[in-house]
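Let me begin by presenting the structure, written as structure tokens, before commenting on it.
So that the names make sense, note that chain A is the first sequence line, chain B the second, and so on, each numbered from 1. Keep in mind that this is a model prediction, so the values were computed, not measured.
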There are 2 protein chains.
Amino acid sequence: MSLALQDEQMSDDIGTRLKLVRQIFGLTQRELARRAGVTNGAISLIEQNRVSPSISSLKKILDGIPLSLAEFFTLNFLPSDELFFSAGELTEIAHLPEISMRLVGRRAKGRAMGMLHEVYQPGADTGEAMLRHEGEECGIVVSGCLTVTVGAQERTLYPGEAYYFRSDIPHRFRNQGAEPCVLISANSPPTF
Amino acid sequence: MSLALQDEQMSDDIGTRLKLVRQIFGLTQRELARRAGVTNGAISLIEQNRVSPSISSLKKILDGIPLSLAEFFTLNFLPSDELFFSAGELTEIAHLPEISMRLVGRRAKGRAMGMLHEVYQPGADTGEAMLRHEGEECGIVVSGCLTVTVGAQERTLYPGEAYYFRSDIPHRFRNQGAEPCVLISANSPPTF
DNA sequence: CATCCGCGTTTAGGATAATCAACAATCTGC
DNA sequence: GCAGATTGTTGATTATCCTAAACGCGGATG
């Protein structure tokens, strides 16, 4: 059975959403009501979309699961067959010839982040025209070395070293070493 | 019939949150009310936390900005300061003796994600009592192997293989191999 | 000044949601 | 088949929210 929701339901169908969440956590209306300190009738009405709960009520209910409001609204109900990925299943995102960028999983909307396995060949360069986009990004060098420029700052990172910056600051990646550089990076919200 | 406010964290302070968002978009209460099709009084009361709006009302208001409910609740207002981190500067987060977990940067609240460099010694195990927390997590095995259990599914991942799942699904990590396993993982929102 | 704006706030009353208690439907074991 | 427990639903009452209209305040303009 699939627990996936359509996009339209993701945004406004609070009732179905609550019902799904409650069932995923194996709770009855009465049990959840008891934990949350509300009545089972209220939960019934909400799940039927016969009322639109106040934030305070919804928060009380979610506290009984427990689940935050932010999580409740961002839940994307990923199908369970997309949990694990073998190396060959990472989806290649080739922007430049000398740089391999492979994303964990498919390009899924609604995810909180994207994780990439990247390989920079010697001499690879994302370009003097610095990259700039929304979000934050972070990475750790696994092997080789990578010269990272962020705004006015620049540094060459070696295995075990890392970076974390806001992606709206202009940035650039270059491999100035003699061997390929392997980098594992993450960005949130996902760029790809 | 009390006008006293409940003790609320910033994350649950809908009033302040709405006010910040509204001001960021340069709207007055009346202008936002007009676009949203509600009254300015309603917005005033909500921003003072004197009432807890219904989901339908809050959605109408956010549509006037426009902003989705999910975006509203996940909004973060925080800059990051330090850009680069040497291997020794990763902050150790030791939960278990046989597992080393080193976070990129300090434990900064408000970041979109956290990235960890983890080493699981042979036999290391996060425990049969499965982990569960908010957010999503993702990781790639760099060396060694790691057995990952997510809900009812389990798989042993080898270098280059990866996982991505919602952290509220019970999960567990074990190194059943003979050599240490190095894993680079990310979680969003950051757990540490 | 005095007047007019536009802003956020407040108040009374009608609209909406939550509670309480009862109800029907579905099991389970005897 | 029946009693008892469990689950989701429903009507009447109570509690809460939203609206409409007014209020107080400060800045701009004559």
### Task
Apply the test side-chain contact (heavy atoms from CB on, under 4.5 Å) to residues B/Tyr120 and B/Arg174: give CA-CA distance (whole Å), side-chain angles for both, the deciding distance (0.1 Å), then the verdict.
CA-CA 8 Å; B/Tyr120 288 74; B/Arg174 282 175 291 168; over 6 Å; no

### Message
With side-chain contact (heavy atoms from CB on, under 4.5 Å) as the criterion, how do A/Phe73 and A/Ile14 come out once you've worked through the C-alpha distance, each side chain's angles and the decisive distance to 0.1 Å?
### Response
CA-CA 9 Å; A/Phe73 285 105; A/Ile14 305 300; 3.6 Å; yes

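Both tests do not hold together for B/Arg155 against B/Tyr163: distance to the six-membered ring centre under 6.0 Å, angle to the ring axis within 45°.
Rounded to an integer number of Å, the gap from A/Glu31 CD to D/dG8 P is 11 Å. Atom-to-atom, CD1 of B/Ile46 to P of D/dT16 comes out at 16 Å; the value is rounded to the nearest Å. Distance B/Glu47 CD to C/dT10 P: 13 Å, rounded to the nearest Å. The distance between atom CG of A/Leu32 and atom C1' of D/dG8, rounded to the nearest whole Å, is 13 Å. Atom P of nucleotide C/dG6 and atom CD1 of B/Ile43 are separated by 17 Å, given to the nearest angstrom. Atom CG of A/Leu27 is separated from atom P of D/dG8 by 10 Å (rounded to the nearest Å). Between the CZ atom of A/Arg34 and the P atom of D/dT7 there is a distance of 11 Å, rounded to whole Å. Put simply, CG on A/Leu45 is 14 Å from C1' on C/dA21, counting in whole angstrom units.
Under the 4.5 Å side-chain criterion, counting only non-hydrogen atoms from C-beta, A/Asn40 is not in contact with A/Ile43. The side-chain heavy atoms of A/Ile99 and A/Phe173, taken from C-beta on, include no pair separated by under 4.5 Å.
Scanning atom types as modelled, no donor and acceptor separated by under 3.5 angstrom connect the side chain of B/Arg30 and the base of C/dG6. One N or O donor and one acceptor, one from the side chain of A/Asn40 and one from the base of D/dT9, sit under 3.5 Å apart.
Contact annotation for B/Ser44: base contact, defined as any heavy-atom pair under 4.0 Å involving a base atom. Looking at heavy-atom distances under 4.0 Å, B/Ser54 makes contact with sugar-phosphate atoms alone, never a base. Contacts of A/Arg50 with the nucleic acid, taken as non-hydrogen atoms under 4.0 Å apart, involve only primed sugar atoms and P, OP1 or OP2. Contact annotation for A/Gln48: backbone-only contact, meaning every heavy-atom pair under 4.0 Å involves sugar-phosphate atoms and none involves a base.
Nearest nucleotide to the B/Gln29 side chain, out of C/dT19, C/dT9, D/dC18: C/dT9. Checking C/dT19, D/dC18, D/dT19 against every side-chain atom of B/Thr39, the shortest atom distance belongs to D/dT19. In this structure, the nucleotide among D/dC18, D/dA22, C/dT19 sitting nearest to the side chain of A/Val38 is C/dT19. Ranking C/dG8, C/dA18, D/dT10 by closeness to the B/Arg22 side chain, first place goes to C/dG8.
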